[in-house]
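Throughout, residue positions are numbered sequentially from 1 according to the sequence presented.
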Amino acid sequence: MNDIYLDTPFDIIADKTFRATAERLVIKCGVRADLKGFACLVDAVILYGTETSTSFCEIYRMIGEMRKLKPKTVMREISYAVMQAFDIAGRLSELIGLPVPPSDIHSGLVIAYLGKLFQNPDLSVYSDSPPSDDVNRESRL
C-alpha cells in the first residue's frame with residue numbers, strides 16, 4: 001500500500017492514508033463514528049489489512065496498549081460497534097459480493113473481511129474502476 005517502511009503498529013495505525021481508507025470501509029458497513037468501538041474497529045482493520053498481525057488476540061492486545069485499554073475492553077467495544085451498525089450484514093455482503101447471514105456477524109468476521117478489502121486495491125473504496133473482469137473477458141474471446 002505505502003512504500004514507506006513503518007516501524008511500529010502505532011506508526012501503521014497513525015498513517016493518514018491507511019486511516020482514511022479503513023474509516024471509509026467501516027462507515028460503508030454502517031458502523032456509526034460516534035461509538036467508542038469505531039476507532040478500535042478502524043485500528044483492527046488497519047492491523048489486519050497490513051498483516052501486522054492476523055491473530056485477533058494479538059490485535060486486541062496491540063490496540064489496548066496504544067489506547068491504554070485492556071484487550072477484553074477493546075474486544076467488547078468493537079463488538080458493541082458492530083452490533084449497533086445498521087444492516088451490517090447487507091452492507092458487508094454488498095461490499096464483498098457474498099451473502100453474509102445476520103446470524104454470522106461478529107467482530108472477527110467483520111475485521112477479517114474489511115481487512116481483506118483494505119488490502120485489495122481492486123475492491124478498495126478509493127478504486128476508480130470496478131473490479132477487473134478478466135475471467136469473463138477471456139471466456140467471451
Side-chain angles (χ1 to χ4, degrees), residues 1-6 8-141:
M1 297 194 111
N2 273 353
D3 294 334
I4 301 168
Y5 179 73
L6 302 171
T8 66
F10 181 76
D11 292 336
I12 292 168
I13 287 174
D15 183 85
K16 290 179 183 180
T17 306
F18 289 170
R19 190 133 204 104
T21 301
E23 284 176 352
R24 291 198 53 199
L25 281 170
V26 171
I27 288 170
K28 272 189 145 322
C29 280
V31 178
R32 293 188 354 237
D34 65 329
L35 300 173
K36 280 171 76 174
F38 177 84
C40 291
L41 179 57
V42 169
D43 295 345
V45 168
I46 293 169
L47 292 173
Y48 193 91
T50 58
E51 295 179 350
T52 301
S53 178
T54 54
S55 163
F56 294 114
C57 292
E58 183 68 14
I59 288 171
Y60 298 148
R61 186 194 61 72
M62 284 189 275
I63 295 169
E65 283 179 13
M66 288 180 267
R67 296 192 173 273
K68 306 215 182 329
L69 299 169
K70 293 180 182 177
K72 189 167 184 150
T73 303
V74 172
M75 182 184 72
R76 270 187 302 212
E77 287 184 4
I78 291 172
S79 294
Y80 178 75
V82 166
M83 291 303 125
Q84 294 301 311
F86 177 75
D87 189 31
I88 193 166
R91 291 177 180 205
L92 189 59
S93 296
E94 186 179 309
L95 280 172
I96 64 172
L98 296 170
V100 179
S103 60
D104 289 354
I105 294 293
H106 59 84
S107 58
L109 179 91
V110 173
I111 293 167
Y113 276 134
L114 293 181
K116 291 301 179 184
L117 285 172
F118 182 85
Q119 287 178 348
N120 189 336
D122 286 344
L123 299 175
S124 172
V125 292
Y126 286 131
S127 177
D128 291 334
S129 59
S132 61
D133 199 20
D134 293 335
V135 175
N136 290 337
R137 225 179 287 141
E138 288 176 10
S139 65
R140 285 181 269 175
L141 294 175

Applied to residues 54-64, the side-chain hydrogen bond (donor to acceptor under 3.5 Å, both in side chains) test, sequence neighbours excluded, yields Glu58-Arg61, Tyr60-Ser107, Arg61-Glu65
Residue pairs passing the side-chain hydrogen bond (donor to acceptor under 3.5 Å, both in side chains) test with at least one member in residues 87-106, sequence neighbours excluded, are none
- Can Ser79 and Arg76 be counted as having a side-chain donor-acceptor contact under 3.5 angstrom? no
Heavy atoms of Pro101 and Ala89 approach each other most closely as C-CB, 4.3 Å
Parallel, tilted or perpendicular for Phe18 and Phe118, by the 30°/60° rule?
perpendicular
The reported gap from NZ in Lys116 to CD1 in Ile96 (rounded to nearest 0.5 angstrom) is 13.0 Å
Review point. Does some side-chain heavy atom of Arg19 sit less than 4.5 Å from a side-chain heavy atom of Ile13?
Key: yes
When rounded to the nearest 0.5 Å, the distance separating CD of Gln119 from OG1 of Thr50 is 8.0 Å
CD1 of Ile46 to CG of Leu25, rounded to nearest 0.5 Å, is 10.0 Å
| message | I want to check something: taking the side chain as every heavy atom from C-beta on, are Val110 and Val26 in contact at a cut-off of under 4.5 Å? | response | no
Side-chain contact test, heavy atoms from C-beta onward, threshold under 4.5 Å: evaluate it for Glu23 versus Val45 and give yes or no. no
### Message
A side-chain contact here means heavy atoms from C-beta on lying under 4.5 Å apart; do Tyr113 and Leu92 qualify?
### Response
yes
Looking only at heavy atoms, the pair that brings Cys40 and Arg67 closest together is SG-CD, 3.7 Å
OG1 (Thr52) and CG (Asp43) are apart, to the nearest 0.5 Å, by 11.0 Å
Value for CD (Glu51) from CD1 (Ile12), rounded to nearest 0.5 Å, stands at 11.0 Å
Distance col, row Leu117:CG vs Arg24:CZ, nearest 0.5 angstrom, shows 13.0 Å
Pair Glu77-Leu35, side chain to side chain contact (heavy atoms under 4.5 Å, CB included): steps then yes or no
CA-CA 8 Å; Glu77 287 184 4; Leu35 300 173; over 6 Å; no
Heavy atoms of Ser53 and Ile59 approach each other most closely as O-CD1, 3.4 Å
Paired with Phe38, the side chain to side chain contact (heavy atoms under 4.5 Å, CB included) test is passed by just one of Leu41, Asp34, Val42, namely Val42
Heavy-atom closest pair (Ala44 atom, Ile63 atom, distance to 0.1 Å) is N-CD1, 3.5 Å
